[in-house]
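We're numbering straight along the sequence, starting at 1.
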Amino acid sequence: MKLLLAAHDSEIVPVEFRAEPGELLLRQGAPAERVLLLTEGTVAIQVRQSDGQPHTLAIVEAEELLGEMGLFGNGVHSADVRVLDEPAQLIAVDGNQLLKAMLFDADLSIELLSLISQRCLQGNELVGLLLDGIKAAHSGDGALLQDSCMALRHRGHSIAAAADQLEGLLR
């Protein structure tokens with residue numbers, strides 16, 4: 001991604017910055033006006049539901065793009081992105097600059113489309129595992145529930161806690 005951005009140095013003006021532990025980089029529900037490239041550090045992707053408590057869906061490490069789903073989707077961020085234990089180094093790219101560059105660069109467009117498609121596939125897989133777990137808990141299928149929960153636990157964080165809650169439904 002860095003190379004693709006560098007190829008557009010006349011259209012895209014990236015801004016490097018440092019973020020401190022606990023800092024909120026992107027806010028769920030806020031307008032998506034930029035994308036971030038995490039170059040060093042670790043961030044949590046968190047969603048807030050009706051109770052307002054953040055649920056960590058994933059921990060993301062360096063060399064990942066953040067905020068692109070909101071930019072290319074409905075224009076708002078679907079999750080919070082928060083810096084974890086150590087400071088993070090990031091590159092911010094204005095969303096309008098990126099969209100303009102994509103109009104004339106098929107490689108950049110394909111790279112971003114591939115990234116978004118991969119994230120959608122991961123989301124679909126997660127929903128499928130959760131649905132299998134709910135079905136197994138409802139029908140009393142211990143073997144399917146165990147398989148589903150084992151796969152969910154590999155996702156870590158709030159998803160692993162959901163697996164524990166699903167198993168609790170069968171007991």
Side-chain angles (χ1 to χ4, degrees), residues 1-49 54-132 151-160 162-163:
M1 183 56 66
K2 284 185 198 176
L3 293 174
L4 289 170
L5 292 175
H8 293 278
D9 61 353
S10 63
E11 302 103 17
I12 297 176
V13 181
V15 177
E16 294 186 40
F17 70 100
R18 175 185 165 113
E20 297 302 320
E23 188 173 333
L24 186 64
L25 300 171
L26 302 173
R27 180 178 298 282
Q28 181 177 333
E33 299 169 340
R34 65 184 184 165
V35 294
L36 303 174
L37 178 61
L38 179 65
T39 58
E40 291 180 30
T42 307
V43 299
I45 309 300
Q46 301 174 320
V47 295
R48 289 176 278 111
Q49 299 302 323
H55 301 281
T56 300
L57 297 181
I59 301 297
V60 177
E61 295 184 355
E63 303 304 321
E64 287 287 335
L65 195 63
L66 308 165
E68 79 290 343
M69 293 177 71
L71 184 66
F72 301 126
N74 62 356
V76 297
H77 294 296
S78 60
D80 289 343
V81 176
R82 186 174 304 277
V83 179
L84 291 180
D85 303 321
E86 301 290 325
Q89 289 293 128
L90 300 109
I91 297 172
V93 176
D94 179 80
N96 289 327
Q97 292 175 4
L98 182 60
L99 291 171
K100 286 177 187 173
M102 289 174 62
L103 288 173
F104 302 104
D105 186 339
D107 289 338
L108 179 60
S109 298
I110 289 170
E111 182 71 25
L112 291 170
L113 181 59
S114 174
L115 173 67
I116 293 169
S117 295
Q118 186 62 34
R119 298 238 171 111
C120 289
L121 289 171
Q122 290 169 353
N124 288 348
E125 182 181 318
L126 179 59
V127 169
L129 289 169
L130 288 167
L131 291 173
D132 283 350
L152 288 168
R153 282 193 185 89
H154 289 319
R155 304 294 178 116
H157 316 291
S158 295
I159 303 303

Among side-chain atoms of Q46 and T56, is any donor-acceptor pair under 3.5 angstrom? yes
Quick check: do I59 and I45 have side-chain heavy atoms less than 4.5 Å from each other? no
Between S114 (side chain) and I110 (backbone), is there a donor-acceptor pair under 3.5 Å? no
Between I159 and L57, is any pair of side-chain heavy atoms under 4.5 Å apart? yes
A side-chain contact here means heavy atoms from C-beta on lying under 4.5 Å apart; do V127 and L131 qualify? yes
For I116, the side chain to side chain contact (heavy atoms under 4.5 Å, CB included) test, sequence neighbours excluded, returns E68, F72, C120
Could you tabulate the donor-acceptor pairs under 3.5 Å formed by side-chain atoms of residues 26-37, not counting sequence neighbours?
from, atom 1, to, atom 2, distance (Å)
Q28, OE1, R48, N, 2.7
Q28, NE2, R48, O, 3.1
R34, NH2, L25, O, 3.3

Determine all donor-acceptor pairs shorter than 3.5 Å in which one atom belongs to a side chain in residues 86-96; sequence neighbours excluded.
from, atom 1, to, atom 2, distance (Å)
D94, OD2, N96, N, 3.0
D94, OD2, Q97, N, 3.0

If you round to the nearest 0.5 Å, how far is CG of L129 from CZ of R153? 12.0 Å
Between R18 and E23, is the closest basic N to carboxylate O distance under 4.0 Å? no
Do D80 and V47 make a side-chain contact, defined as non-hydrogen atoms from C-beta onward lying under 4.5 Å apart? no
S117 side, atom OG; L112 side, atom CG - distance, nearest 0.5 Å: 10.5 Å
Atom CD of E20 with >12 non-hydrogen neighbours under 6.0 angstrom: yes
Quick one, L24 with V81, criterion side-chain contact (heavy atoms from CB on, under 4.5 Å). Give me CA distance, side-chain angles, the key distance, then yes/no. CA-CA 6 Å; L24 186 64; V81 176; 5.9 Å; no
Over all heavy atoms of both residues, which pair between V43 and V83 is shortest? Give the atoms and the distance, please. CG1-CA, 4.0 Å
For the residue pair L108 and L98, establish whether any side-chain heavy-atom pair is separated by less than 4.5 Å. yes
L71 side, atom CG; M102 side, atom CE - distance, nearest 0.5 Å: 8.0 Å
